[in-house]
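First comes the structure, then the notes that go with it.
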Amino acid sequence: MKSTRMPIVIRPSGVWNSRAPLHNYIHERRALSKTTCVLTLAIYALRHDARAEHDPARSGRQLLGRITKEEAVAGQAWLDYRRSFPKGLDGKNPQPSVGQVANDAILALYDIREMTIVRLSSLFEAFAQCWTMNYLAAVLETGKSWSSKESELADSFHPVHGGGHLPSWPQITKAVPMLKAELQKIPHRFNHPATGEILTAPISAGLNAFEVIQFWRAFRNLSIHTSRLVTRRFFDRYGAFFARMMADLSHLDKLEPGKLMPLHDDMFSAMAAVQYRAALWMNERLVEISTQRRGHPEAPSPVTTTRFPPDTLAPQLFVEGDHAASFRWTLEPAFREKLSRQEGWELPNPSLQRTAYGSR
């Protein structure tokens with residue numbers, strides 16, 4: 001891959017404009033948790049109301065009649081729900097019963113859990129990409145030079161010659177090998193499943209934060225890019241690992257080729273915990289590498305608290321006093337044009353440059 005002659009960090013529009021990536025991660029994770037919990041509560045409330053009906057064979061429209069009449073979107077949803085059933089002999093869509101509505105609502109919990117896990121995996125990758133841009137900037141700001149792999153990583157973020165694809169988690173960990181080495185030392189959960197004691201090291205070889213993050217990323221790709229059914233290749237790679245990871249959940253179904261992934265209701269919190277632990281270590285390392293100019297909500301000022309205020313914006317990726325060329329790129333069109341001519345880059349329409357190249 002071509003390397004830039006001038007070391008520079010250029011943030012593409014798909015990466016958070018933040019020098020405190022953990023702040024963004026926590027904010028987004030809380031929002032995702034809120035959505036998941038509200039949907040789960042709504043489903044159980046619906047099931048509760050359905051169970052209160054004396055006749056489960058009654059039309060579900062009677063259970064939901066008020067909301068389907070008063071809310072246009074709900075009314076359309078009921079019509080579409082009816083159309084999801086095969087037509088009867090009379091050529092009409094049936095009127096689903098209260099019992100059917102309650103049963104389908106519970107089945108929908110799987111899709112909610114799957115959506116949550118997919119989004120949480122993508123959220124961690126978004127955090128890692130923002131962390132990486134801060135890491136690359138911090139290296140330059142401390143007077144050091146990038147390694148050849150780090151230079152290629154910086155190039156891969158470039159909106160012009162980076163190919164248009166943000167670097168993935170595997171690409172990032174290959175270019176910054178300390179990530180894999182250190183995350184392999186972090187346990188995959190907070191407490192020991194048998195004793196309840198707080199874990200400070202992995203309980204077994206190969207079962208650690210790095211491998212768990214890899215597993216859920218692979219599941220995300222399986223869910224998005226295939227039929228959602230466990231493939232033979234996925235099973236061969238992760239079958240034994242899944243059994244070890246879920247060893248304390250004896251009621252959970254086994255991972256089997258050709259079937260959906262067993263998704264327990266505790267998986268979101270367990271997955272969120274291991275990712276948060278990994279993100280916390282990465283953030284602490286960023287604060288250290290940058291001599292406190294990055295990684296916390298008060299940056300570039302020295303850190304005075306470890307709290308991340310929920311209602312405050314994270315400081316921008318580049319502010320005055322940071323790596324000079326990277327900061328100038330975000331503000332000065334003339335500098336962007338001059339450097340682009342020097343490097344042979346083709347810039348997009350000038351009116352799009354501020355949104356495409358690092359400014360808010």
Answer yes if [X] and [Y] sit in the same cluster of Ile, Leu, Val, Met, Phe, Trp and Tyr residues linked by side chain heavy atoms under 4.5 Å apart, and no otherwise.
| X | Y | answer |
| --- | --- | --- |
| V101 | L109 | no |
| L286 | V319 | no |
| V98 | F85 | yes |
| L222 | W169 | yes |
| Y238 | V118 | no |

Residue pair [X] / [Y], side-chain heavy-atom distance below 4.5 Å:
| X | Y | result |
| --- | --- | --- |
| I10 | S326 | no |
| N208 | K185 | no |
| K259 | D253 | no |
| L331 | F318 | no |
| T231 | P257 | no |
| F241 | R244 | yes |
| R11 | F157 | no |
| S204 | L207 | yes |

Please give me the minimum heavy-atom distance between [X] and [Y], naming the atom from each residue.
| X | Y | answer |
| --- | --- | --- |
| L255 | P262 | CD1-CD, 4.0 Å |
| Q292 | A299 | O-CB, 4.2 Å |
| F335 | M6 | CZ-SD, 4.5 Å |
| S290 | V287 | OG-O, 3.4 Å |
| P315 | A20 | CD-CB, 4.3 Å |
| P7 | H323 | O-CE1, 3.1 Å |

Keeping [X] on the side-chain end and [Y] on the backbone end, is there a donor-acceptor pair under 3.5 Å?
| X | Y | result |
| --- | --- | --- |
| H188 | F210 | no |
| N283 | G295 | yes |
| H158 | A154 | no |
| S121 | I117 | no |
| R220 | I224 | no |
| Q129 | P167 | yes |
| E182 | L179 | no |
| S340 | E337 | no |
| H296 | S301 | yes |
| W131 | M282 | yes |

I need the [X] [atom1] to [Y] [atom2] distance, nearest 0.5 Å.
| X | Y | atom1 | atom2 | value |
| --- | --- | --- | --- | --- |
| D265 | I112 | CG | CD1 | 12.0 Å |
| S97 | E53 | OG | CD | 11.0 Å |
| L120 | Q275 | CG | CD | 4.0 Å |
| T132 | E125 | OG1 | CD | 9.5 Å |
| E141 | L136 | CD | CG | 10.5 Å |
| I198 | R189 | CD1 | CZ | 13.0 Å |

Determine whether D80 and Q76 satisfy the following criterion, side chain to side chain donor-acceptor pair (under 3.5 Å), listing intermediate values before the conclusion.
CA-CA 6 Å; D80 290 339; Q76 184 60 49; 3.1 Å; yes

Start with the C-alpha distance between R82 and Q95, add both sets of side-chain angles, then the distance that settles side-chain contact (heavy atoms from CB on, under 4.5 Å), and finish with yes or no.
CA-CA 6 Å; R82 286 186 59 197; Q95 288 283 355; 3.4 Å; yes

Taking atom CZ as the centre, does R119 end up with more than 12 heavy-atom neighbours from other residues, nucleotides or ligands that are less than 6.0 angstrom away?
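Counting neighbours around CZ of R119, 12 or fewer heavy atoms of other residues, nucleotides or ligands fall under 6.0 Å, so no.
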
Inspect the surroundings of NE2 in H225 and state if more than 12 heavy atoms from other residues, nucleotides or ligands are less than 6.0 Å away.
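Yes, because the 6.0 Å sphere around NE2 of H225 holds more than 12 heavy atoms from other groups.
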
So if I apply the side chain to side chain contact (heavy atoms under 4.5 Å, CB included) rule between V9 and each of Y135, W146, W329, which one comes out positive?
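Single side chain to side chain contact (heavy atoms under 4.5 Å, CB included) partner of V9 among Y135, W146, W329: W146.
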
Residue that, paired with Q316, satisfies side chain to side chain contact (heavy atoms under 4.5 Å, CB included) out of D322, T330, N17
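The residue from D322, T330, N17 that satisfies side chain to side chain contact (heavy atoms under 4.5 Å, CB included) with Q316 turns out to be N17.
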
Y25-F127 aromatic ring centre distance below 6.0 Å
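Ring-ring flag for Y25/F127: true, centres closer than 6.0 Å.
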
Do E256 and F235 pass the side-chain contact (heavy atoms from CB on, under 4.5 Å) test, and can you show the C-alpha distance, the side-chain angles, and the key distance before you say yes or no?
CA-CA 7 Å; E256 294 185 46; F235 177 79; 5.6 Å; no

Geometric class of the Y81/W78 ring pair [parallel <30°, tilted 30-60°, perpendicular >60°]:
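Ring orientation of W78 relative to Y81: tilted.
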
Hey, what's the ring geometry for F242 with F215, parallel, tilted or perpendicular (30° and 60° as the breaks)?
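Tilted.
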
Restricting to pairs with a member in residues 298-312, which pass salt bridge (Lys or Arg N to Asp or Glu O under 4.0 Å), not counting sequence neighbours?
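Not a single pair qualifies under salt bridge (Lys or Arg N to Asp or Glu O under 4.0 Å).
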
Return all side-chain donor-acceptor pairs below 3.5 angstrom for residues 267-274, not counting sequence neighbours, or 'none' if the list is empty.
residue, atom, partner, partner atom, Å
S269, OG, D266, O, 2.9

Output yes when E332 and K338 qualify as a salt bridge under the 4.0 Å nitrogen-oxygen rule, no when they do not.
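Salt bridge absent between E332 and K338.
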
Working note: T226 + F234, criterion side-chain contact (heavy atoms from CB on, under 4.5 Å); need CA distance, chi angles, decisive distance, verdict.
CA-CA 11 Å; T226 71; F234 186 91; over 6 Å; no

Determine, step by step, whether N134 and R19 satisfy the side chain to side chain donor-acceptor pair (under 3.5 Å) criterion, reporting the C-alpha distance in whole Å, the side-chain angles of both residues, the deciding distance to 0.1 Å, and the verdict.
CA-CA 6 Å; N134 278 278; R19 64 197 300 120; 5.7 Å; no

CA sep, side-chain torsions, deciding dist, call: K149, E152, salt bridge (charged side-chain N to carboxylate O under 4.0 Å, His left out):
CA-CA 5 Å; K149 289 184 178 180; E152 292 179 357; over 6 Å; no

What's the verdict on side-chain contact (heavy atoms from CB on, under 4.5 Å) for E114 and R228, showing C-alpha distance, side-chain angles and the deciding distance?
CA-CA 10 Å; E114 183 183 50; R228 303 165 70 200; 2.8 Å; yes

For residues 66-73, run the donor-acceptor check on the side chains, cut-off 3.5 Å, and write out each pair with its distance to 0.1 Å, sequence neighbours left out.
residue, atom, partner, partner atom, Å
R66, NE, E70, OE2, 3.2
T68, OG1, R61, NE, 2.9
T68, OG1, L64, O, 3.1
T68, OG1, G65, O, 3.0

